[in-house]
Each structure stands twice: as C-alpha cells, then as structure tokens.
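This report concerns only the one structure given below.
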Amino acid sequence: MLTGLNARLLAIGIFVVLTGCGGGGGGTTGAGSAAGAAASSPGAASSPAAASTPGAASSPDAASAPAAATPASGASAPGATTPTLAAATPVIDGTTLGNAFWPAGSTSSGGQGQAVGALKCALRSNAYTYAHLSIYQDGRLLALPGNVGVVEPTMAAQTGCAYPLHTVDSTGKIHMDASTPASYTLGQFFSIWGQTLTASNVAGVTGSPITVYVNDGGKLTQYTGDPASLVLPAHGEVTIEIGTPLTQIPTYAWTDPPPFDPNPITLVYLGVVGNNFWPVGNTATGGKGSPVDGLICAPNMSALYHVHAHLAIFKDGQWLAMPADVGILPQCDYEMHTHDQTGIIHIETPTFKTFTLGQFFDLWGQPLSSTNVAGVTGDVVAYINDNGDSRRYMGDLRNIELTSLRDITLQIGTPPISTLATYSWYEPQ
C-alpha cells in the first residue's frame with residue numbers, strides 16, 4: 001500500500017505526463033486545421049485578403065500601412081489574377097464611351113498643324129481603319145476626347161488638316177490612315193495629343209500599378225514593354241489600367257458606318273441629284289435679307305473664304321434633291337447658299353467663321369431635329385464623311401460643322417442605306 005506522500009507524488013507525475021501529451025497534441029491539431037482551411041480556399045495564397053496591404057510581409061511598416069482601396073465596380077483589388085475578356089458589348093459608332101475627363105482636341109504641346117515626328121497634318125486620306133483605346137482609373141472609364149489630331153480650318157488654311165492618327169468623337173476610336181501600309185504606335189498618338197505616356201503617367205493620370213492589355217481578334221495579352229512602343233492593331237482594342245485593375249476587360253461589337261459606294265456620283269453645276277421634293281429657294285420663314293444666325297446677305301460679296309460642303313437626304317430609301325437658290329435673293333446672296341440641286345452648299349464670305357448645318361436650315365426656313373428634317377419626320381440617322389474618313393454622328397444635328405468637302409448624309413425611315421455615296425466635285429479644292 002502506498003503511503004500518503006508516495007500517492008501524492010504518483011498523482012503529480014501522471015498529471016504532468018497527461019498535460020504534456022494533451023498540449024502537444026492539441027497544438028499540432030490546431031496547426032493542421034489552419035493549414036487545411038487555407039488549402040481548401042481556392043486562390044487563398046494569392047488573394048489580396050491574405051495580406052491587406054500588397055508587400056506587407058517585406059515591409060517593416062506593414063502594420064501601419066493603409067488598407068487597399070475599395071475596388072470600383074467591375075474592378076478587383078491590386079494583386080488579382082490576370083483578367084479575362086468580357087462578352088462583347090454592342091455599340092453604335094459615334095457613341096460616347098466613358099466619363100468626360102480631358103478637353104477636346106490636342107493640347108498646346110501636341111499637334112497644332114506642325115509635323116509631329118514623321119507625321120504630318122494634311123487633307124484627310126481616302127481610306128481609314130481604327131484601333132480602340134480605353135483608359136481606366138481605378139475601374140472608371142475615362143472618355144477619350146474627340147478631335148485629337150484634328151486642326152480646324154482657318155482663313156489661311158481653309159481645308160483644315162488632320163494627322164494620320166486622330167479622333168473624331170469620344171468613342172475611344174483612334175482613326176488611322178490606311179492609304180499606306182504604315183503602322184502606328186500608341187506613343188505617336190500621345191505625341192499628337194500632346195500628353196505624357198510612361199509606365200507611371202498616362203495623359204496626366206498617375207497611379208500604381210499601370211498595366212496595358214491588348215485584345216487582337218479575341219486574344220488577350222498583357223503588354224509589358226514601353227507603352228509608347230505598342231503598335232496599334234487595326235480593329236484591335238488597347239486597354240490601359242491605372243490603379244485598381246479590372247476583373248474583366250470590356251470588348252465591343254461595333255455597328256460601323258456603311259461602306260462607301262465605289263462608283264462616285266459626278267456633281268455637275270446646275271445639275272440635279274435625287275428626286276424633286278422641296279420648292280426652290282427659302283421658305284416664308286427663311287432668310288429675307290436680314291442677318292440669320294449671324295449670316296449676312298450682301299450683293300457681290302467678296303469670297304475670301306470659299307469652301308463647299310454636301311448634304312444628302314434620304315426618306316424611306318428615296319434620295320430627295322436639295323432645292324436650288326436657298327440663300328439667294330434678288331437683292332443679295334447670303335454667305336451660305338445653294339446654286340443647284342446637287343446638294344452642294346456653297347460658303348462664300350469675306351470673313352472666316354464657323355458655319356453649321358443648323359444655320360443652313362434656319363436660313364432655308366426649315367426645321368432640323370433628330371425626328372424632323374425639313375418637314376420629313378421620323379428617326380434620323382446621320383453620317384459624316386471627310387474625304388474618306390467616315391463615322392456615325394450621334395450629337396445635335398444642328399451642331400454639325402460645314403467644312404471643306406464634308407459630306408453629310410441624313411437618313412429618315414427605312415430601309416437603311418447600304419452604302420455611303422462618294423462624289424466627283426465640280427469645284428474640287
């Protein structure tokens with residue numbers, strides 16, 4: 001029989017052994033459970049949630065570093081896996097994509113008519129293609145401005161000019177001269193724009209990281225070289241992400257303008273193009289000799305600024321001939337007028353200023369809106385063609401500028417036109 005002292009010593013020894021086995025076993029089981037939980041979570045090792053701040057493990061100040069920004073809609077936190085291509089979004093050419101951010105046109109340090117590198121500003125070519133550029137800041141799409149690389153007409157240069165790379169609206173499309181086999185880079189476009197393009201600065205927008213993706217025919221790749229050296233792919237899509245990256249890269253299925261009719265229409269002075277529809281001259285509410293929207297009427301007006309634009313109007317597939325003598329009165333001629341029914345709008349004035357389609361319709365004395373063109377009602381589709389540089393116009397029809405050799409087509413009703421007419425002008429410039 002054990003004495004009282006021996007019994008107490010035996011009890012203490014058993015307690016120590018059991019405590020050591022239970023504590024070690026419990027600790028091992030806990031570690032194994034944690035490892036199992038981590039392994040069962042797909043992507044846990046690469047998930048931003050595994051470390052609230054990128055690089056925290058190597059940063060001595062990781063504990064005090066700020067948390068990552070909350071991802072914007074459609075974006076993921078920094079450190080996410082490579083994005084995928086989203087299903088294509090149907091878009092009509094001319095639609096603004098993104099939020100307004102930069103002013104229209106090139107900056108003062110960009111293309112203002114001078115040569116930019118090897119690229120010259122000249123009359124637009126007769127063939128164009130395009131690449132699409134999207135710029136995202138923390139998941140927010142910034143609209144690429146219109147008229148980058150487009151120099152407006154002046155008295156000295158009445159046709160204006162455009163660089164081989166330019167924009168005409170805020171679709172994100174960069175129009176590229178396709179009359180030669182030349183290729184163009186993203187850096188050339190930014191030089192014409194007059195904006196910075198580096199691995200840390202995109203048109204004045206800075207952040208980290210900056211990543212560039214190219215979608216060329218449905219194949220998405222990350223571009224890791226100098227962004228200025230990226231060759232713009234015809235009908236490809238370039239996406240620049242600044243800051244919070246996207247989980248999916250948007251793609252677009254464009255409804256482009258109709259192709260050009262390969263057979264030009266010869267415009268003959270005092271000729272007719274289309275079917276007679278409106279009477280000759282201004283209506284009763286049109287110009288009677290007094291100024292109309294700033295347009296003056298004077299006899300024998302000096303034509304120091306002298307250009308021509310063209311207007312074609314279709315109703316349910318029928319070409320409606322423009323009336324002659326709009327803006328021409330017995331006592332004077334307005335600065336803007338027609339001589340015949342070819343659709344040519346003559347602009348002849350001693351002083352340079354901007355002329356618009358809305359001014360012409362006010363002078364004519366006819367309505368012009370998205371549903372009414374000179375009394376012809378229905379939904380209006382508008383196209384603009386500048387010597388081969390065509391696009392759908394989605395803005396206010398009244399604001400369309402009338403510039404040298406610009407072709408404007410207005411379609412009302414159905415069927416839609418299948419081709420855009422081209423012309424052989426009787427007064428080429």
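We're numbering straight along the sequence, starting at 1.
Relative ring orientation between Trp425 and His310 is described as perpendicular, the plane-to-plane angle rising above 60° on a 0-90° scale split at 30° and 60°.
The residues Arg391 and Asp93 are annotated as not salt-bridged, no charged nitrogen and carboxylate oxygen being separated by less than 4.0 angstrom. Residues Glu335 and Lys353 are paired through a salt bridge, judged by an N-O separation under 4.0 Å between the basic side chain and the carboxylate.
Applying the disulfide bond (SG atoms under 2.5 Å apart) test to every pair with at least one member in residues 287-367, sequence neighbours left out, gives these pairs: Cys297-Cys332. Screening residues 302-322 for salt bridge (charged side-chain N to carboxylate O under 4.0 Å, His left out) gives no qualifying pairs among residues at least two apart or on separate chains.
For His337 and His339, the ring centers sit closer than 6.0 Å to each other. Aromatic ring centres of Trp254 and His132 lie closer together than 6.0 Å. In summary, the aromatic rings of His308 and Tyr426 are positioned with their centroids too far apart to meet the 6.0 Å limit.
Donor-acceptor pairing under 3.5 Å is recorded for the side chains of Ser125 and Asp177.
When the options Val381, Val380, Asn399 are evaluated for a side chain to side chain contact (heavy atoms under 4.5 Å, CB included) with Tyr393, the one that passes is Asn399. Ile412 pairs with exactly one of Asp379, Leu320, Thr377, Ile313 by the side chain to side chain contact (heavy atoms under 4.5 Å, CB included) rule, that one being Ile313.
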Check the pair Asp256 / Lys173 against salt bridge (charged side-chain N to carboxylate O under 4.0 Å, His left out), numbers first and verdict last. CA-CA 11 Å; Asp256 289 322; Lys173 284 184 175 180; 2.7 Å; yes

